[in-house]
Amino acid sequence: MAKRVVVLGAGMVGVSVAWHLLKRGYEVIVVDRVSPGQETSFGNAGIIQREAVRPYAFPRDLATLLRVLPNRSVDIRYRPTSVIRAAHPLLQYWHYSSESKYKQLVPEYAALIMQSLDTHEEMIASANAASLIRKEGYLKLFRTQKALDDECTRAAADRANYGVDYEVLNAAQITAMEPNLTASLAGAIHWKQPWTVTDPGALVKAYADDVIDKGGEIKRANLQALKQAGEQWVIETDDGQLHADQVVMAMGPWSSYWLRQQGLEVPLFTKRGYHMHYQCDEKKPLNHWIMDAEVGYLLAPMRAGIRLTTGAELTALDAPTDQSQLQAAEHEAKALYPIGARIDETPWKGGRPCMPDMKPVIGEAPQRKGLWLAFGHGHQGFTLGPVTGKLLGQMMDGEATDVDMQPYRVTRFGG
């Protein structure tokens, strides 16, 4: 069996794929232009989201569209030129977000999410990374009773269908858990199953260090060309040439560019997120990760300080930084919790690789034997990296997979 594999991409997905392939006896080299976990995997909210069985749909109700259109919302912003450039995948995203289409895809998405804790647990134990993990869930806060009631309805269905565990909190119960919040709240959902990570980049690094300990290699280099030469793949980098029997494309939002060089078009688009760390008053700690659901940002008590992560900005991957969304979120956050001064010199930004039907691409590329795909995880690459690695390993070894993989094949888009 062909056992030499190059994994392109050292984020959570790529490192997890490498970890699982090493466990299966493959010879593995991971290639990335930056150190493991320093791109999109670095800047997330640090939650392994077992509750997130419903992917983020394109808003289709008129009230939300009218709210978003002026481009001043905290949760969703857009750059018109970028929207025009990504018009085709965004129209597909709109299509798949219809009630009937969305209802069909949720079970397929949930099938991956439901395995997230078990697959992370195996890697956490192997990497001795338990000190980074908190198993207290997180709080999703609501300002209005209607929004809370709507979430409770969805949560009840998700408990029945997908085993999601939660508790509904009233204002007094929220105060008992988070006495330093200052905004008026209708209530909250305490999602009990998710694990939170005090340093997301450090968790990916711990997994990557475990890859090295297991005999894998991580090579810091820029990819310059990817070519098929007979039964082999040739990977050209600015630090030399590599040869492999098989290649895994796990380059997140950059995957579509490199697949285009192989003649394979995928309708990938990016949602940008920003984060900033803030000082915390030790006398007024933040005890849990908290999501201000109706406004659209999250606060997390991390190693580096209180991390504020924004919602989504529809923009090109290479677009310059625009701090307006972060500034708007910061203004709202200060009215909820007394965050202190900014710690970071500049905001972090990163692109989430999104597919129109909200599901990742996992499987072999058509007519390109030995080229395997693992990208397009949207908001949940950090959550779904380990299960992606496990399933891809099963596919590469021709085994029966724990999940039906047909819904994640790249050919579903006609490629």
Side-chain angles (χ1 to χ4, degrees), residues 10-16 34-52 56 75 113 116-117 119-121 123-124 127-141 177-178 189-209 252 271-280 285-293 296-312 326 329-330 333 336-337 339 342-344 347-353 377-388:
M12 177 61 85
V13 175
V15 168
S16 297
V34 297
S35 299
Q38 294 304 300
E39 291 284 5
T40 308
S41 296
F42 178 82
N44 57 78
I47 309 177
I48 301 170
Q49 286 194 252
R50 170 59 180 84
E51 92 297 346
Y56 290 95
D75 56 342
I113 291 289
S116 59
L117 296 184
T119 49
H120 268 282
E121 186 170 44
M123 294 182 65
I124 289 166
N128 295 312
S131 63
L132 296 169
I133 309 300
R134 291 174 53 176
K135 299 183 179 181
E136 302 166 354
Y138 75 96
L139 305 183
K140 191 171 185 179
L141 310 178
M177 296 178 71
E178 292 291 349
I189 298 283
H190 178 196
W191 299 113
K192 293 189 169 184
Q193 291 161 304
W195 296 348
T196 51
V197 183
T198 57
D199 188 336
L203 183 63
V204 181
K205 183 180 184 302
Y207 289 171
D209 289 344
K271 294 180 184 178
R272 176 177 290 179
Y274 294 90
H275 86 224
M276 172 60 66
H277 292 104
Y278 300 83
Q279 293 177 355
C280 177
L286 184 66
N287 299 319
H288 299 81
W289 273 241
I290 58 172
M291 178 184 291
D292 195 346
Y297 65 91
L298 186 142
L299 293 176
M302 293 194 177
R303 278 180 170 179
I306 301 296
R307 178 179 290 190
L308 183 155
T309 61
T310 64
L326 176 65
E330 181 180 296
L336 175 68
Y337 171 78
I339 56 175
R342 288 186 172 190
I343 294 174
D344 305 327
W348 178 91
K349 62 176 172 50
R352 306 177 184 99
H377 294 74
H379 295 256
Q380 298 298 351
F382 192 75
T383 294
L384 295 176
V387 66
T388 299

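Computed from a predicted model, the values in this text were never measured in an experiment.
For E330, the salt bridge (Lys or Arg N to Asp or Glu O under 4.0 Å) criterion is met by K334, R342, not counting sequence neighbours. The side chain to side chain donor-acceptor pair (under 3.5 Å) test applied to H277 returns R307, D344, not counting sequence neighbours. A search for side chain to side chain donor-acceptor pair (under 3.5 Å) contacts involving N44 returns nothing, not counting sequence neighbours. By the side chain to side chain donor-acceptor pair (under 3.5 Å) test, T383 pairs with Q380, sequence neighbours left out.
Shortest non-hydrogen contact noted between G381 and V13 is O-CG2, 4.0 Å. Nearest heavy-atom pair, G46 versus P200, reported as atom, atom and distance to 0.1 Å: CA-CG, 3.6 Å. For the pair E51 and P194, the tightest heavy-atom approach, listed with the atom from each and the gap, is OE1-CG, 3.1 Å.
You'll find the side chain of F382 reaches within 4.5 Å of the side chain of L203, heavy atoms only. The side-chain heavy atoms of P301 and H288, taken from C-beta on, include no pair separated by under 4.5 Å. Within the 4.5 Å cutoff, side-chain heavy atoms of M177 are placed close to those of H190. Side chains of I48 and V197 form a contact here, defined as non-hydrogen atoms less than 4.5 Å apart.
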Assess the residue pair K349 and L326 against the criterion (side chain to side chain contact (heavy atoms under 4.5 Å, CB included)); give the C-alpha distance rounded to whole Å, side-chain angles, the decisive distance to 0.1 Å, and a yes or no.
CA-CA 10 Å; K349 62 176 172 50; L326 176 65; over 6 Å; no
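For residues 200-209, the pairs satisfying side-chain hydrogen bond (donor to acceptor under 3.5 Å, both in side chains) are H120-Y207, K205-D209, with sequence neighbours left out. The salt bridge (charged side-chain N to carboxylate O under 4.0 Å, His left out) contacts involving residues 297-306 comprise D199-R303, where partners must be two or more places apart or lie in separate chains.
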